[in-house]
Amino acid sequence: MRSAMISCKLGLLVTRAQFSREPGMNKPISKLVAEAGACTQTLSQSPTSAPAKAPAAASAPPPAATSSAQASPPVMVPVQVSKGPVNVIKILQKAGGFAVFIRIIKSTQEDIQIFSQLNDSRDGVTIFAPTDGAFSAIIKSGVLNSLSDHQKIELVQFHIIPRVLTTANFQTVSNPITTLAGSGSRFALNVITTENMVNVTSGLTNTSVSAIVYTDSQLAIYQVDKVLLPLDIFAPKPLAPAPAPPKPKKDDGADTPMVPKDISGAVSCVMLNTMLISGVIIVAAAFPL
């Protein structure tokens with residue numbers, strides 16, 4: 001500020017020198033001194049009293065944020081497994097394609113049996129789940145609707161093994177495998193593994209595991225493309241031998257009918273004797289003594 005005041009006074013002195021040299025300049029000295037004072041007053045103002053600066057130009061707004069779908073793919077959030085037994089029905093519904101099997105499980109209340117097996121046993125459960133396409137054949141033929149309620153229960157139970165089996169266990173499992181439907185030749189279920197396939201056969205059905213629907217330490221669900229038909233339900237049972245005719249029973253109180261004897265020979269003999277006697281009498285009368 002002090003240097004500006006000195007510059008202003010120097011300019012005033014130059015102006016006074018010019019005033020004294022140039023002709024025709026009649027500006028009074030008092031006016032020049034007044035202008036110099038005004039200059040000194042303006043330069044001595046504090047910075048706060050100086051004119052305010054013009055406001056800076058507003059910065060350009062940031063570009064509009066694009067949607068998350070355009071910016072980056074959605075992040076997959078892992079689903080936490082709930083504590084306690086898992087819900088088999090919800091797993092099959094989420095997988096899709098098992099509507100018929102779900103309906104039969106519910107109608108036979110086998111979902112309660114599965115829940116009990118998972119909750120009360122440490123052995124776990126293995127389920128061979130037929131797809132809707134697998135059921136189409138026995139639905140169109142009317143076989144499924146012709147089954148009794150007990151047979152439908154056995155059909156569902158034949159697809160459930162009361163222990164968890166991994167794909168590695170299939171290589172060492174002993175056949176036939178016991179299911180909830182039972183064991184024996186009428187409910188025989190066999191698993192045969194090859195290099196890349198797991199074949200399942202019931203004697204009437206031969207299919208293979210086409211997908212793993214769900215697996216953990218307590219539950220394994222495998223997709224099969226055919227319904228496993230147990231022999232006890234769908235195979236014709238052998239006919240029982242015809243019963244022997246009943247033997248006639250004797251009744252001691254009943255009278256035995258009398259069978260007439262053949263006396264024709266005796267009658268003939270009597271008649272012959274009579275004729276002989278008559279002939280002797282006639283001869284004796286003809287020849288008297």
Side-chain angles (χ1 to χ4, degrees), residues 78-132 134-135 138-139 143-145 147-170 172-191 198 200-205 207 209-234:
V79 179
Q80 295 182 356
V81 180
S82 59
K83 296 181 179 179
V86 294
N87 192 319
V88 173
I89 299 299
K90 289 184 178 180
I91 292 174
L92 293 174
Q93 288 174 340
K94 185 176 180 179
F98 300 99
V100 179
F101 191 48
I102 292 172
R103 185 175 72 244
I104 300 176
I105 290 176
K106 287 183 175 181
S107 64
T108 57
Q109 296 184 348
E110 282 303 306
D111 53 335
I112 301 175
Q113 176 72 13
I114 296 172
F115 181 87
S116 176
Q117 179 69 20
L118 290 172
N119 191 40
D120 301 335
S121 174
R122 296 182 180 180
D123 296 332
V125 173
T126 298
I127 300 175
F128 293 110
T131 61
D132 293 339
F135 276 100
I138 63 174
I139 290 177
V143 173
L144 184 61
N145 292 331
L147 299 178
S148 64
D149 293 340
H150 180 69
Q151 288 175 329
K152 289 179 181 179
I153 291 175
E154 290 182 331
L155 179 61
V156 175
Q157 290 179 342
F158 192 61
H159 292 75
I160 303 173
I161 302 172
R163 56 176 169 151
V164 63
L165 293 174
T166 64
T167 54
N169 295 142
F170 286 139
T172 58
V173 70
S174 298
N175 289 315
I177 300 175
T178 301
T179 65
L180 288 182
S183 58
S185 59
R186 302 296 295 176
F187 287 101
L189 186 66
N190 298 287
V191 176
V198 177
V200 186
T201 178
S202 67
L204 293 176
T205 304
T207 185
V209 174
S210 56
I212 300 175
V213 180
Y214 180 88
T215 180
D216 62 17
S217 60
Q218 282 292 103
L219 175 64
I221 303 178
Y222 300 101
Q223 174 180 312
V224 291
D225 297 330
K226 290 183 181 180
V227 180
L228 303 177
L229 305 177
L231 291 170
D232 192 68
I233 299 176
F234 295 94

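From a predicted model like this one, the values you see are computed outputs, not experimental measurements. One-based numbering along the sequence shown. For the numbers below, each heavy atom of this structure counts, side chains included, while hydrogens, waters and symmetry mates do not.
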Taking side chain to side chain donor-acceptor pair (under 3.5 Å) as the definition, give me every residue that meets it alongside [X], ordered by chain and number, with sequence neighbours left out.
| X | answer |
| --- | --- |
| T215 | none |
| N175 | none |
| Q113 | none |

Atom pair [atom1]/[atom2] of [X] and [Y] - distance to nearest 0.5 Å:
| X | Y | atom1 | atom2 | result |
| --- | --- | --- | --- | --- |
| F128 | K226 | CZ | NZ | 15.0 Å |
| E110 | L155 | CD | CG | 10.5 Å |
| H159 | L228 | NE2 | CG | 3.5 Å |

Quick one, [X] and [Y] - any side-chain contact, counting heavy atoms below 4.5 Å?
| X | Y | value |
| --- | --- | --- |
| V200 | L189 | yes |
| L147 | F234 | yes |
| I91 | N87 | no |
| I104 | L144 | yes |

field: For Y222, all residues meeting ring pair (Phe, Tyr, Trp, His ring centres under 6.0 Å), sequence neighbours excluded
entry: F170

message: Can you list everything that forms a ring pair (Phe, Tyr, Trp, His ring centres under 6.0 Å) with F135? Sequence neighbours excluded, please.
response: none

query: Taking only residues two or more places apart in sequence or in another chain, which ones pass side-chain contact (heavy atoms from CB on, under 4.5 Å) with A95?
result: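 Partners of A95 by the side-chain contact (heavy atoms from CB on, under 4.5 Å) criterion, ordered by chain and then number, come out as F98, V213.
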
message: Between I127 and F101, is the side-chain contact (heavy atoms from CB on, under 4.5 Å) condition met? List the steps.
response: CA-CA 11 Å; I127 300 175; F101 191 48; 3.9 Å; yes

message: I need the minimum non-hydrogen distance between V100 and D132, along with the two atoms involved.
response: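 In terms of heavy atoms, the two residues are closest at N-OD1, 3.0 Å.
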
- request: Might you point out which heavy atoms bring V227 and A134 nearest each other, and give the distance in Å?
  value: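 Of all heavy-atom pairs spanning V227 and A134, the closest is CG2-O, 3.5 Å.
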
Test item: T108 side-chain N/O and I105 main-chain N/O as donor-acceptor pair under 3.5 Å: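 Yes; at least one donor-acceptor contact below 3.5 Å.
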
